[in-house]
Amino acid sequence: MSEDYSKTIAEEQEKNRMLEKALEDAENANMAKTAFLSNMSHEIRTPMNAIIGLYNIAIKNPDLPDETREILDKIGGSANHLLSLINDILDMSRIESGKLVIKKQDFSFGDMLEQINTMVEAQCTDKGLEFECHVKGHLSDYYISDEMKLKQILINILGNAVKFTDAPGRITFLVEEEKKDKKYSYIRFVIKDTGIGIDEDYIPKIFEPFSQEVEGTSNKYGSTGLGLAITKRIVDMMKGTIEVESTKNVGSTFTLVIPLGISEKTGSDEDFNPGSIKTLILDDDLNACEHAQMVLGRIGIAADYCLDGKEALSILEKSKARQDPYKLFLVDWKMPGMDGIEVTRALRQELKDDFTTVILTTYNWDEIMDEALKAGVDAFLAKPLFARSIRKEIKEIMQEKRKRYRDGAKKVSLKGRKVLIAEDMDINALIMKQILKMKEVEADHASDGLEAISMFEKSAVGEYAAILMDIRMPKCDGLRATELIRKLDREDAKSVPVIALSANAFDEDVELSLKAGLNAHLSKPVEPDALFKTLEKFIGDKSEEEDKENG
Ligand code: ADP
């Protein structure tokens, strides 16, 4: 009996050992599968980038026969689809292998929304859809979370909304705080479309990998069926929720609630300093002037006022001469004599473009928008001003103006300039050179980070107008190379624009690269127009630089 008993125990133990072994084997196999997928995807991404890069070059040729153009477009479309599939597989395998972590960092919520909205708005315009974003109630300037991941999930859902809605349709994006406790703000994001809708039976399966309601969706809409699976997993990791409601042929609504950590940081000291925005108010109504002065005063903006256009012009001119210029000019639209637009026009003729003009109006400004913008008006505000929203409104207006001023001022010709390309794959360097040639930009090629440093060191000061820096390179990667270049003892070491090239806009690379002293980032395959725009933005005007050197 005891023998039997011990035999049974031994059998049990043996069985357990086998089970454990089987489990271990399965886990190993699963890990091997994930690692294999991940490695393969990385490998496939390189030639894919080359295909898309060459497509981008070929399609720019104006003399293509229609048939060839059609074929090329199909190649481009398929290649882009394949690349997004690969990027999704990489993301999925990172999630499954536990490599994906949710970071906790302060980030500017407003900046994030602006980036998302700019992108989605462009997609909507292309498709003939209306897009609206409402931010309701109070939201902080900063929160703590993983900005990249949050952006990724929102873009994913908004992207689907655009993809599955045909013109004339409408996408709305609502953002508001649902509740708040000591540590977290629970932010609700509602993304609503008037598109094809989702079948009731399919909704429970929507977050499963590779699920698509209709087979062949991938062909019509360029889908992968992984987007929502990835989104759901990231939302879970962020301890948030995601829900879908939909009616076939009416539209779909995705609702996310994501807890975002409350940040100590406020926007005010960072990039918005109300104390430095000296303001002049012009309104023929004394009460309105006093009210505006009081509201601005509450957020720390010191404002003077006057009641007449001519007086305003002379005050502004004097202040400029005193080297204590007004930065912001709030002007009433409807006034006897010169109206707000006429004053602005006169002002722009007299003074340079370094102050901001806002038209105050109780009316809808659509009808005067075009004329006003032409006259040099930067923005509109509804009268009366409200203390609750004025801070945010002024901040946005000033930031937008600064951005436009900078972009406008720096727009330069790229012709005849020279850039350094640091890129280990010859084919990518070749593609980049071809793209640059379209704008008559010359390029030298370094095949790794070390070579890039040494070529930059040997070049004359100012010879390279910019460096295009691949991030993943053997010997010395792009981040390290940039750090070393920034430390070189030469005049242009800190100022030469270094633009990172990385494979995936959502990779950690992007964040790291900006931290390492790179100025901007482009994802591969590089779109010619995006490259030119970035170069124009960062490359200074040659004549300006020469002036500086000479004087
Ligand atoms: P993909 O969009 O790449 O196919 P997703 O995982 O993002 O993959 O979406 C899975 C499927 O869910 C889509 O193929 C589509 O059938 C459906 N779907 C997602 N969003 C919407 C939407 N806004 N409207 C209609 N169908 C949608």
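When a residue number appears, it is its place in the shown sequence, counting from 1. Everything numeric here is computed off the predicted structure, so don't read it as measured data. Just so you know, ligand 1 is whichever comes first in the structure, and atom 1 is the first atom listed for that ligand.
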Atoms in ligand 1 with a heavy atom of Phe254 nearer than 4.0 Å: 20 (N), 23 (N)
Proximity flag Gly197 to ligand 1, non-hydrogen atoms under 4.0 Å: yes
Under-4.0 Å heavy-atom contact with ligand 1, by part of Leu228 that carries it: both
4.0 Å heavy-atom contact, Phe207 with ligand 1: no
Pick from Asn160, Thr194, Ile171, Leu158: the one approaching atom 19 (C) of ligand 1 most closely through a non-hydrogen atom: Asn160
Sole residue of Arg233, Lys232, Lys239 in salt bridge (Lys or Arg N to Asp or Glu O under 4.0 Å) with Asp236: Lys232
Contact atoms of ligand 1, heavy-atom distance to Lys163 under 4.0 Å: 1 (P), 2 (O), 3 (O)
Atom CE of Met438 with >12 non-hydrogen neighbours under 6.0 angstrom: yes
Non-neighbouring partners of Glu177 that pass side chain to side chain donor-acceptor pair (under 3.5 Å), sequence neighbours left out: Ser185
Per-atom contacts of ligand 1 with Ile206, taking only distances under 4.0 Å to non-hydrogen atoms: 12 (O)
Residue portion contacting ligand 1 (non-hydrogen atoms closer than 4.0 Å) for Ile157: neither
Residue pairs passing the ring-ring contact (aromatic ring centres under 6.0 Å, His included) test where at least one lies in residues 93-118, sequence neighbours excluded: Phe109-Tyr143
Exceeds 12 heavy-atom contacts within 6.0 angstrom, atom CD of Glu245: no
Residue among Asn156, Val235, Asn160 satisfying side-chain contact (heavy atoms from CB on, under 4.5 Å) with Leu228: Asn160
